[in-house]
S.K.: 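Input: one structure, supplied below.
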Amino acid sequence: MRLSRYFLPVLKEDPAEAEIVSHRLMLRAGMIQQLAAGIYSWLPLGFRVLRKVEQIVREEMDRAGAIEILMPTIQPADIWRESGRYEVYGREMLRIRDRHEREMLYGPTNEENVTDIFRRHVRSYRQLPLNLYHIQWKFRDEIRPRFGVMRGREFLMKDAYSFDYDQAGARRSYEAMFVAYLKTFRRMGLTAIPMQAESGPIGGSMSHEFQILASTGESEVFYDAAFEELDLSGAEIDVERLTGLYAATDDKHDPARCPVPPERLKRARGIEVGHIFYFGTKYSEPMGATVMGPDGREVPVEMGSYGIGVSRLVGALIEAFHDDRGIVWPESVAPFRVGLVSLRPDDPACGGLADALYERLRAAGVETLYDETEERAGAKFATMDLIGLPWQVVVGPRGAKAGLVELRPRAGDERLELTPEALLDRLCS
RNA sequence: CGGGGCGUAGCGCAGUCCGGUAGCGCAUCUGCUUUGGGAGCAGAGGGUCGGCGGUUCGAAUCCGCCCGCCCCGACCA
């Protein structure tokens, strides 16, 4: 992508309304634009990251055996009356009426919706286990939205729903999601700590929330150092052991009763990015989602639900990966992999070499943002640092004459002088 | 919802107390010079001062009502 043809409205100064670093940087890097309290448009750069995060989540869900669907944002109040949540949910739910005065709502979550799908189509235990998920916008009319996309009212969430014949099966489904979550966050370069959690309004008996570590995180967390050394590569992962490892937020952590020896107890700050629940028949029973068992008896299906805040993750990633100059994207979620800077597009040697490099990178399928604008060097560097692409390639008039270009990883202060061929070897591999 | 604050040009702000018809920096446009860490000079454009009503000869400024946004707290992916 040529920067001169792109839409990247970066800000030189900090916006007045942004308090935390991810919000400031997302606004400054031209990733988002606020439309109303807690409601944002995603601009090109932000949208690319959102899509990358979404895709990683999708791939790990698919790998774990979940099946993607897409449910609507608007739901009828009826199904929420069936589950009993219409009255319970409170003012966080945005209630609306259509032209026929029918009561509708903008979905804050989709348990009722998916349970309705299930009950219409699944009759037998032989069709289980089943795990359906979607990645869809939600609306929760938060009392106080804040921190940009970290706590928006409208947000993109992946929510998966498992259906099993019995509790043992439900436990396996839960554990599969548990592991998938660890892998998902790991792929984004994040350390995720699963914690025993209250189940809140979703309800249920078993629940973990996943906090990723960032120094600017909202809550203080304590956890067993073993979480940092997890090997998630193998086929066999000891879930029993993982769910048994100690982790707690500060309000639940009691030093006197902590089972982890002090030398292995880690303390950090965390941001909640995922939450998983096992809630049994809480929805299947009132809504009549039943299956026939091998014994010929009809039983309500055992369910769980599994959420990941996709849009929140974008903010959380920046909280975890930034420095005083801007964002430092991990490669897996970076909006572009390479930022190619032509310092003097008007200089024949420099401009020509940069153009040629851009074509080669493009041909090799390397996602490249090519800055061939007439800005001055300092401004170009500042923008590249701000938007945080993992690899900066600088082509200047002096180097171009000598047949050399510069490679700068965004993380760290390393600078390498390379021939164009050596550079392409490194970036295209 | 309780507490605090803000709304003036695309962005960041001054001007409001003490009424006299709007200003600074950045950005934008034109020209010249510059060109490896957010350039310099010269010129130009851009604002119903959040909205409505009131007071006044005159309101960004005083009064009333309304709207929006931010921050702290209780709640959450």
Side-chain angles (χ1 to χ4, degrees), chain A residues 9-20 23-24 27-28 30 33-39 53 57 89-93 107-110 135-160 181 184-185 192 197-202 207-212 218-219 249 251 271-277 305-316 325-326 341-347 350-351 373-386 392 394-400 404-406 408 413 415 417:
Chain A
V10 295
L11 268 36
K12 213 161 169 181
E13 288 170 286
D14 277 332
E17 75 266 23
E19 200 65 21
I20 66 166
H23 191 196
R24 275 204 307 270
L27 290 167
R28 285 197 53 209
Q33 175 69 55
Q34 181 168 7
L35 182 63
I39 300 178
V53 171
V57 170
Y89 213 91
R91 306 221 295 169
E92 251 184 38
M93 185 153 74
T109 175
N110 290 70
I135 300 171
Q136 175 66 293
W137 294 91
K138 305 288 186 291
F139 194 94
R140 293 184 190 172
D141 202 353
E142 296 281 342
I143 297 168
R144 182 154 90 88
R146 63 186 124 168
F147 304 147
V149 300
M150 297 271 284
R151 180 169 304 150
R153 291 193 292 172
E154 188 185 54
F155 58 97
L156 188 61
M157 178 165 129
K158 183 284 301 178
D159 37 326
Y181 273 39
T184 300
F185 299 127
E198 306 290 342
S199 44
I202 308 280
S207 176
H208 284 87
E209 63 179 50
F210 288 75
Q211 303 248 358
I212 58 121
E218 276 192 85
S219 46
T249 49
D251 49 322
I271 301 168
E272 185 183 354
V273 290
H275 204 152
I276 63 178
F277 307 86
S305 77
Y306 315 90
I308 288 180
V310 175
S311 48
R312 171 181 284 187
L313 259 172
V314 177
R325 294 178 318 202
V341 177
S342 176
L343 288 182
R344 293 286 303 278
D346 58 324
D347 177 275
C350 178
T373 63
E374 298 292 337
E375 283 294 324
R376 296 168 61 86
K380 292 187 173 211
F381 293 146
T383 297
M384 275 300 165
D385 287 348
L386 174 64
Q392 298 177 0
V394 180
V395 182
R398 284 200 307 268
L404 290 173
V405 297
E406 198 173 295
R408 307 178 180 182
D413 298 315
R415 296 184 181 190
E417 293 249 287

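Numbers restart at 1 for each chain; the letters A, B, ... are given by sequence-line order, proteins then strands.
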S.K.: Using only modelled atom types and a 3.5 angstrom limit, is any donor from either the side chain of Glu375(A) or the base of rG38(B) paired with an acceptor on the other?
M.R.: no
S.K.: Do the non-hydrogen side-chain atoms of Phe381(A) and Arg408(A) ever get within less than 4.5 Å of each other?
M.R.: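 Answer yes - side chains close enough.
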S.K.: With the six-membered base ring of rG36(B) as reference, does the ring of Phe381(A) sit under 5.5 Å away with planes under 30° apart?
M.R.: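 Per 5.5 Å and 30° rule: no stacking.
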S.K.: Go ahead and name the base partner of rC6(B); Watson-Crick or wobble counts if both distances stay under 3.5 Å, otherwise write none.
M.R.: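 Its partner is rG68(B).
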S.K.: Of the non-hydrogen atoms in Leu11(A) and Leu386(A), which two are nearest, and what is the gap between them?
M.R.: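 Looking at all heavy atoms of both residues, the shortest contact is O-CD2, 4.3 Å.
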S.K.: Would you call the rings of Phe210(A) and His208(A) parallel, tilted or perpendicular if under 30° counts as parallel and over 60° as perpendicular?
M.R.: tilted
S.K.: NA contact type, Gly396(A), heavy-atom cut-off 4.0 Å: base, sugar-phosphate, or nothing?
M.R.: base
S.K.: Would you call Asp14(A) and Arg28(A) a side-chain contact if the rule is heavy atoms closer than 4.5 Å?
M.R.: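 Contact flag for Asp14(A)/Arg28(A) side chains = yes.
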S.K.: Would you indicate what Gly152(A) reaches in the nucleic acid, counting non-hydrogen atoms under 4.0 angstrom: base, sugar-phosphate, or nothing?
M.R.: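 Base, at least one base heavy atom under 4.0 Å.
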S.K.: From C-beta outward on Arg408(A), which listed nucleotide comes closest to its side chain: rG38(B), rA77(B), rG37(B)?
M.R.: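 From the listed options, rG37(B) comes nearest.
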S.K.: Roughly how far apart are Ile308(A) CD1 and Leu156(A) CG, rounded to 0.5 Å?
M.R.: 11.0 Å
S.K.: Starting the side chain at C-beta, find the nucleotide from rA77(B), rG37(B), rC70(B) nearest to Ser311(A).
M.R.: rA77(B)
S.K.: Let me confirm one number: the CD-CD1 distance from Glu218(A) to Ile20(A), rounded to the nearest 0.5 Å.
M.R.: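 So the gap between those two atoms works out to 7.5 Å.
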S.K.: How many whole angstroms separate atom NZ of Lys138(A) from atom P of rA77(B)?
M.R.: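 Going from Lys138(A) (NZ) to rA77(B) (P), I get 12 Å.
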S.K.: Within less than 4.0 Å of OP1 or OP2 of rC70(B), is there a side-chain N or O belonging to Gln34(A)?
M.R.: yes
S.K.: Sort me out a list of protein N/O and nucleotides 4-7 of chain B N/O pairs below 3.5 Å, or just none if empty.
M.R.:
none

S.K.: Could you tell me which nucleotide pairs with rC17(B) by Watson-Crick or G-U wobble geometry, both distances under 3.5 Å, or answer none if nothing does?
M.R.: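 rC17(B) is unpaired by these criteria.
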S.K.: At under 4.0 Å, does any side-chain N or O of Arg376(A) touch on OP1 or OP2 of rG38(B)?
M.R.: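 Negative; the distance criterion is not met.
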S.K.: Is Ala36(A) touching bases, backbone alone, or none of the nucleic acid, heavy atoms closer than 4.0 Å?
M.R.: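 Sugar-phosphate, no base atom in range.
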S.K.: Determine whether a donor-acceptor pair (one donor, one acceptor, N or O, separation below 3.5 Å) exists between the side chain of Arg140(A) and the base of rC75(B).
M.R.: no
S.K.: Under 4.0 Å: is that the gap between some side-chain N or O of Lys12(A) and OP1 or OP2 of rA27(B)?
M.R.: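 Yes, because at least one side-chain N or O of Lys12(A) sits under 4.0 Å from OP1 or OP2 of rA27(B).
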S.K.: Please report the shortest heavy-atom distance between Gly315(A) and Val149(A), naming the atom on each side.
M.R.: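 Heavy-atom minimum between the residues: N-CG2, 4.0 Å.
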S.K.: May I ask which nucleotide in the shown strands pairs with rC49(B), Watson-Crick or G-U wobble, both distances under 3.5 Å?
M.R.: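 The base-pairing partner of rC49(B), which may sit in any strand shown, does not exist here.
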S.K.: Which nucleotide, in any strand shown, forms a Watson-Crick or G-U wobble pair with rG12(B), with both distances under 3.5 Å?
M.R.: rC24(B)
S.K.: With a cut-off of 6.0 Å (strictly less than), are more than 12 heavy atoms of other residues, nucleotides or ligands near CD of Gln33(A)?
M.R.: no
S.K.: Taking only nitrogen or oxygen atoms into account, show me every contact under 3.5 Å that the protein makes with nucleotides 10-15 of chain B, one pair per line with its distance.
M.R.:
unit_1: rG12(B); atom_1: OP1; unit_2: Ala16(A); atom_2: N; d: 3.3

S.K.: Which of these nucleotides, rC1(B), rC75(B), rG38(B), is closest to any side-chain atom of Arg91(A)?
M.R.: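 The nucleotide sitting nearest to the side chain is rC1(B).
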S.K.: With both distances kept under 3.5 Å, what pairs with rC32(B), Watson-Crick or G-U wobble?
M.R.: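 Check on rC32(B): paired to rG40(B), both distances under 3.5 Å.
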S.K.: So, for Pro145(A) and Gly38(A), which heavy atoms are closest and what is the spacing to 0.1 Å?
M.R.: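 What the structure gives for the nearest pair is CB-CA, 3.8 Å.
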S.K.: Let me know the distance between CH2 of Trp137(A) and P of rA77(B), rounded to the nearest Å.
M.R.: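 Atom CH2 in Trp137(A) sits about 17 Å away from atom P in rA77(B).
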S.K.: How would you label the contact of Ala382(A) with the nucleic acid (heavy atoms, under 4.0 Å): base, sugar-phosphate, or nothing?
M.R.: base
S.K.: With a non-hydrogen cut-off below 4.0 angstrom, is Arg153(A) in contact with a base, only sugar-phosphate, or nothing?
M.R.: nothing
S.K.: Given rU35(B), rG38(B), rG36(B), which nucleotide is nearest the side-chain atoms of Leu343(A)?
M.R.: rG36(B)
S.K.: Rounded to whole angstroms, how far apart are CG on Asp346(A) and P on rG36(B)?
M.R.: 12 Å
S.K.: Find the partner of rU55(B): check Watson-Crick (N1-N3 plus N6-O4 or O6-N4) and G-U wobble (N1-O2, O6-N3) distances, both under 3.5 Å, and reply none if neither fits.
M.R.: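 For rU55(B), the partner nucleotide comes out as none, under the 3.5 Å rule.
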S.K.: Roughly how many Å is it from CG in Asp347(A) to P in rG36(B), rounded to a whole number?
M.R.: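 Roughly 12 Å, once rounded to whole Å.
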S.K.: Could you check how far CZ of Arg146(A) sits from P of rG73(B), rounded to whole Å?
M.R.: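 Rounded to the whole Å, the gap is 6 Å.
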S.K.: Evaluate the side-chain proximity of Gln392(A) to Val341(A): yes if any heavy-atom separation is below 4.5 Å, no if none is.
M.R.: no
S.K.: Across all strands shown, which nucleotide pairs with rG73(B) by Watson-Crick or G-U wobble geometry, both distances under 3.5 Å?
M.R.: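 Matched rG73(B) with rC1(B) under the 3.5 Å cut-off.
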S.K.: I'd like to compare against my own output: the B/S/- annotation of nucleotides 40-45 of chain B with a strict under-4.0 Å heavy-atom distance to protein.
M.R.: ------
S.K.: Describe the nucleic acid contact of Glu374(A) in one word from base, sugar-phosphate, nothing, applying a heavy-atom distance below 4.0 Å.
M.R.: nothing
S.K.: Test Gln136(A) against Asp159(A) for side-chain hydrogen bond (donor to acceptor under 3.5 Å, both in side chains), laying out the working first.
M.R.: CA-CA 8 Å; Gln136(A) 175 66 293; Asp159(A) 37 326; over 6 Å; no
S.K.: Among the nucleotides rA77(B), rG36(B), rC72(B), which one has an atom lying closest to any side-chain atom of Arg151(A)?
M.R.: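 Selected nucleotide: rA77(B).
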S.K.: I need the minimum non-hydrogen distance between Asp141(A) and Arg153(A), along with the two atoms involved.
M.R.: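 Nearest pair, atom of Asp141(A) first, then Arg153(A): OD1-NH1, 2.9 Å.
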S.K.: For rG3(B), does the base pair up with any side-chain atom of Arg144(A) as donor and acceptor (N or O, under 3.5 Å, distance only)?
M.R.: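 Side chain to base: no pair below 3.5 Å.
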S.K.: Taking all non-hydrogen atoms of both residues, which atom of Arg312(A) and which atom of Met150(A) are closest, and how far apart?
M.R.: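 Smallest heavy-atom distance, with atoms named: NE-O, 2.8 Å.
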S.K.: Using heavy-atom distances to pick each residue's nearest nucleotide on RNA chain B, tell me which of Met157(A) and Pro145(A) is more 5'.
M.R.: Pro145(A)
S.K.: Can you tell me how far the NZ atom of Lys158(A) sits from the NZ atom of Lys138(A), to the nearest 0.5 Å?
M.R.: 10.0 Å
S.K.: For Gly274(A) and Tyr181(A), work out which heavy atoms get closest and say how close.
M.R.: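 Heavy atoms of Gly274(A) and Tyr181(A) come nearest at CA-CE2, 4.3 Å.
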S.K.: Looking only at side-chain atoms of Val394(A), point me to the closest of rC70(B), rG36(B), rA74(B).
M.R.: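 For the Val394(A) side chain, the nearest candidate turns out to be rG36(B).
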